[in-house]
Amino acid sequence: MSPSARATRGAAAIAALSAIGALAVRRRELGPGLNRVARELRAPLLVIGRGQAGVPEDLPTDFSSVLSSRLPARVFPSGLGHRDVVVDGGLEVPVWRYEPDARRQAPPSGALVWLHGGGFVGGSPAQDHLFCSRIARELGILVVSVDYRLAPAHPYPAALDDAFTVLRRLHAEAAAEGVDAERIAIGGASAGGGLAAALAQRALDEGVPVAFQLLIYPMLDDRTGAGGAEIPGRGEFVWTARRNTEGWGAYLGRPVAEPADRWAPARWAVPARREHLDGLPAAWIGVGELDLFLDEDRAYAERLRAAGAQVQLRVEPGMYHGADYCTWSAAMRDFRSDAIDALRRGLAGGS
């Protein structure tokens, strides 16, 4: 068994044991919605976004603390990938790179520019070390995970500028990197998925080719749960309507109290607000049926299809936002495997 596989199983075991105690204490506070969650996904992640009384809570000042305080440090083992810096036009963007040892001895490979989640205000590439390493290893490609700037200190377009810089430099240096410039995909999860969708739009407009979009429960529409209004059966766990409003507000530099439908966001800021989706690349979009983003993700998938893109949409029963980090779950392993298989096909030119 490889070191990364052992790390994955070890992290899963730790998290699974933690789940027993955490949910025993918080079961009543989580309410009847817990019954809709798949049994194997009833984990400590469920208490993220809820205060001691079980009601939705505001974003902490440092949202990164949510991840670091809830997940074991061993979920992020060392020795996976390595740090690098992409420099372009005076902008320096920190990244993590992942690739199999033998990749450069083979013909030019595909590549993936990856964007982590965290509501635009938190998270880091560390949370996806295992996933990015797995993609690089299984597909034999280069994965570049962008450590983009975070709101509110760096509102739009900082994160998108960072992502576009990395994509543009990867194209410019494709030959030196041993990458096939026609097989460069982009992807991300949650806010990172939203950034990936925005990056696809900007790349299209600026003439930078993208082969495929891998969008995992992407955060696409600032109008979802606007004002913190809850949506029945959606967003009860992990990422709530209140947090969505605050995350978008920080990213767009918009007061939380200002109605989203009265706000005209800047170009590429909100992917779902783009009027025409013609010319965008094929996509895989995966989301849980309990996720706040279910409706907006379905709508975006339908619009992409109507615009001529090949789109695979996967809606996972009993899944809440971010539940694919529960890697002890067979359903979540299959969810991630489906995403990787779709990326494999997308980089090969298939649907």
Side-chain angles (χ1 to χ4, degrees), residues 15 19 22-23 26 30-31 33-38 40-51 54-60 63-64 66-67 69-71 75 115-123 127-128 131 187-197 214-226 228-248 251 271-272 284-301 313-327 329 331-332 335-336 338-339:
L23 289 180
R26 303 295 298 275
L30 290 172
L34 181 62
N35 295 326
R36 296 193 296 272
V37 176
E40 58 188 358
L41 300 181
R42 296 178 186 179
L45 282 173
L46 288 169
V47 304
I48 294 178
R50 290 181 170 271
V55 297
E57 60 183 358
D58 294 334
L59 282 170
F63 182 67
S64 299
V66 173
L67 287 172
S69 65
R70 298 303 205 278
L71 298 178
V75 170
L115 299 156
H116 67 80
F120 300 119
V121 296
Q127 66 205 52
D128 295 323
F131 189 52
S190 192
L195 281 173
L214 183 65
L215 308 179
I216 299 178
Y217 38 82
M219 185 174 174
L220 300 169
D221 197 333
D222 64 315
R223 296 163 293 187
T224 298
E230 295 188 14
I231 302 173
R234 309 274 194 272
E236 190 171 352
F237 304 108
V238 182
W239 193 250
T240 63
R242 180 184 298 184
R243 285 192 160 172
N244 201 51
T245 296
E246 293 171 349
W248 275 113
Y251 181 61
W284 184 93
I285 301 176
V287 64
E289 68 170 352
L290 305 181
D291 199 309
L292 181 69
F293 300 150
L294 174 62
D295 294 338
E296 66 184 66
D297 289 356
R298 275 177 166 165
Y300 197 70
L313 173 66
R314 174 167 178 154
V315 177
E316 187 67 26
M319 179 184 176
Y320 50 87
H321 192 73
D324 57 324
Y325 284 93
C326 300
T327 52
S329 161
M332 293 299 93
F335 181 87
R336 286 194 165 187
D338 193 30

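Everything numeric in this text was worked out from a predicted model, so none of it was measured.
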Backbone N or O of S329 within a donor-acceptor pair of the E40 side chain at under 3.5 Å?
no
Are any of the side-chain heavy atoms of Y325 and D128 separated by less than 4.5 Å?
yes
Identify the two heavy atoms, one from G188 and one from A196, that lie closest to each other, and give their separation to 0.1 Å.
N-CB, 4.0 Å
Roughly how far apart are L292 CG and M219 CE, rounded to 0.5 Å?
8.5 Å
Please give me the minimum heavy-atom distance between D221 and N244, naming the atom from each residue.
O-ND2, 4.1 Å
Heavy-atom side-chain proximity of M319 to V287 below 4.5 angstrom
no
Assess the residue pair M332 and T327 against the criterion (side chain to side chain contact (heavy atoms under 4.5 Å, CB included)); give the C-alpha distance rounded to whole Å, side-chain angles, the decisive distance to 0.1 Å, and a yes or no.
CA-CA 6 Å; M332 293 299 93; T327 52; over 6 Å; no
Once ring pair (Phe, Tyr, Trp, His ring centres under 6.0 Å) is applied, do any residues pair with F120, and if so which ones, sequence neighbours excluded?
W248, Y251
Decide yes or no for W284 and I216: does some side-chain heavy atom of the first lie under 4.5 Å from some side-chain heavy atom of the second?
yes
Apply side chain to side chain contact (heavy atoms under 4.5 Å, CB included) to L290 and list each qualifying residue two or more places apart in sequence or on a separate chain.
R36, V37, Y320
Please enumerate all residues that pass side chain to side chain contact (heavy atoms under 4.5 Å, CB included) together with S190, with sequence neighbours excluded.
Y217, F293, H321
I need the minimum non-hydrogen distance between G225 and T245, along with the two atoms involved.
O-OG1, 3.0 Å
Looking only at non-hydrogen atoms, find the nearest pair between G118 and A191 and report the distance.
N-CB, 4.3 Å
Taking side chain to side chain donor-acceptor pair (under 3.5 Å) as the definition, give me every residue that meets it alongside E289, ordered by chain and number, with sequence neighbours left out.
none
Looking only at non-hydrogen atoms, find the nearest pair between L220 and A197 and report the distance.
CD2-CB, 3.6 Å
Would you say the side-chain atoms of Q127 pair up with the backbone N or O of G117, donor to acceptor, closer than 3.5 Å?
yes
Working to the nearest 0.5 angstrom, can you tell me the gap between T224 OG1 and I231 CD1?
5.5 Å
List in chain and number order the residues that pass ring pair (Phe, Tyr, Trp, His ring centres under 6.0 Å) with F131, two or more places apart in sequence or in another chain; answer none if no residue qualifies.
W114
State whether the side chain of T240 and the backbone N or O of E236 hold a donor-acceptor pair below 3.5 Å, judged by distance alone.
no
Within a strict 4.5 Å, meaning less than it, do heavy atoms of the L294 and V315 side chains meet?
yes
Which pair of heavy atoms, one from D297 and one from P218, lies closest together, and at what distance?
OD1-O, 2.8 Å
For E316, give me all partners under salt bridge (charged side-chain N to carboxylate O under 4.0 Å, His left out), at least two apart in sequence or on another chain.
R314
